[in-house]
Amino acid sequence: MATTENPDAGQGPVLLDIGGDVGALVVTMPPSTEDLEVEIRPAGTSAERLASSNEHDPIHTHEHEHEHSHEHEHGHPASGFPHVGVVARPAAGGMHYSLVYPSVVAGSYELCPIPGDRVVLTATIVGGEVTEVEWPV
């Protein structure tokens with residue numbers, strides 16, 4: 001079942017669902033990153049994916065057709081990890097560009113623009129708290 005996204009999503013306040021071992025992550029972004037989509041993954045996931053792809057037998061060939069898609073509605077490879085887009089939100093003094101992950105289990109995470117496995121930023125989420133970090137310029 002295909003779903004359509006809300007074109008007005010992210011234009012106002014974001015409801016955070018935190019407490020216990022669940023926190024939230026807010027990433028301040030440069031204006032030039034508007035509409036960039038960024039995946040949040042448990043720390044070490046990208047390195048593990050890279051290592052497993054390097055172990056792939058280069059002689060192996062696929063002699064069968066896949067009967068399912070590896071894409072989802074955005075056209076990015078479906079990885080199973082949550083992702084959000086950079087959105088400009090009105091704030092005192094002008095627009096504020098950010099990523100907001102409203103409900104994240106406590107732990108260490110890496111942020112990767114999609115598609116790809118390049119880790120740009122890492123963050124540690126604490127349950128019951130909002131972690132705030134800045135995207136590197």
Side-chain angles (χ1 to χ4, degrees):
M1 174 177 148
T3 60
T4 56
E5 291 192 27
N6 179 352
D8 299 316
Q11 300 304 312
V14 178
L15 179 63
L16 305 179
D17 185 11
I18 64 174
D21 67 345
V22 176
L25 176 62
V26 176
V27 184
T28 299
M29 302 293 288
S32 62
T33 61
E34 187 171 19
D35 296 327
L36 175 70
E37 292 188 38
V38 180
E39 199 167 64
I40 187 168
R41 305 172 182 173
T45 301
S46 296
E48 290 171 6
R49 288 170 65 158
L50 181 60
S52 68
S53 70
N54 287 340
E55 294 171 5
H56 183 74
D57 180 0
I59 300 174
H60 175 81
T61 60
H62 292 274
E63 295 181 12
H64 61 280
E65 292 292 324
H66 291 286
E67 296 193 21
H68 61 277
S69 172
H70 291 278
E71 304 282 308
H72 64 88
E73 56 272 9
H74 292 298
H76 304 299
S79 70
F81 296 111
H83 67 276
V84 298
V86 177
V87 175
R89 294 180 174 85
M95 298 303 280
H96 178 79
Y97 295 82
S98 63
L99 297 168
V100 179
Y101 298 90
S103 185
V104 183
V105 175
S108 295
Y109 292 88
E110 54 195 31
L111 298 174
C112 303
I114 54 176
D117 288 318
R118 182 175 61 95
V119 177
V120 173
L121 183 65
T122 59
T124 300
I125 308 305
V126 177
E129 296 182 15
V130 177
T131 301
E132 296 182 61
V133 296
E134 288 194 33
W135 193 259
V137 181

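When a residue number appears, it is its place in the shown sequence, counting from 1.
- Annotation: side chain of F81 is in contact with side chain of P42 (closest heavy-atom distance under 4.5 Å).
- Side-chain N or O atoms of T124 include none that pairs as donor or acceptor with a backbone N or O of S108 at under 3.5 Å.
- Residues D117 and R41 meet the side-chain proximity criterion, which asks for heavy atoms closer than 4.5 Å.
- Taking CG of L111 as the reference point, atom OH of Y101 lies at 5.0 Å (rounded to 0.5 Å).
- Residues satisfying the side chain to side chain contact (heavy atoms under 4.5 Å, CB included) test with V126, not counting sequence neighbours, are E129.
- Counted by atom type alone, E110 and T122 present zero donor-acceptor pairs between their side chains at under 3.5 Å.
- Summarising the geometry of S46 relative to C112, their closest heavy-atom pair is OG-SG, 3.4 Å, with the distance given to 0.1 Å.
- Considering OG of S98 and CD of E134, their distance stands at 11.5 Å, rounded to 0.5 Å.
- Annotation: side chain of P113 is not in contact with side chain of E37 (no heavy-atom distance under 4.5 Å).
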Pair I40-V104, side chain to side chain contact (heavy atoms under 4.5 Å, CB included): steps then yes or no: CA-CA 9 Å; I40 187 168; V104 183; 4.2 Å; yes

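- At a threshold of 4.5 Å between side-chain heavy atoms, the hydrophobic network of Ile, Leu, Val, Met, Phe, Trp and Tyr places Y109 and V133 in one connected group.
- Annotation: side chain of P82 is not in contact with side chain of E39 (no heavy-atom distance under 4.5 Å).
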Considering only distance and modelled atom types, tabulate donor-acceptor pairs under 3.5 Å from the side chains of residues 15-36, sequence neighbours left out.
from : atom 1 : to  : atom 2 : distance (Å)
T33  : OG1    : P30 : O      : 2.6

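- Proximity of W135 to L121: side-chain heavy atoms (C-beta onward) are separated by under 4.5 Å at one or more points.
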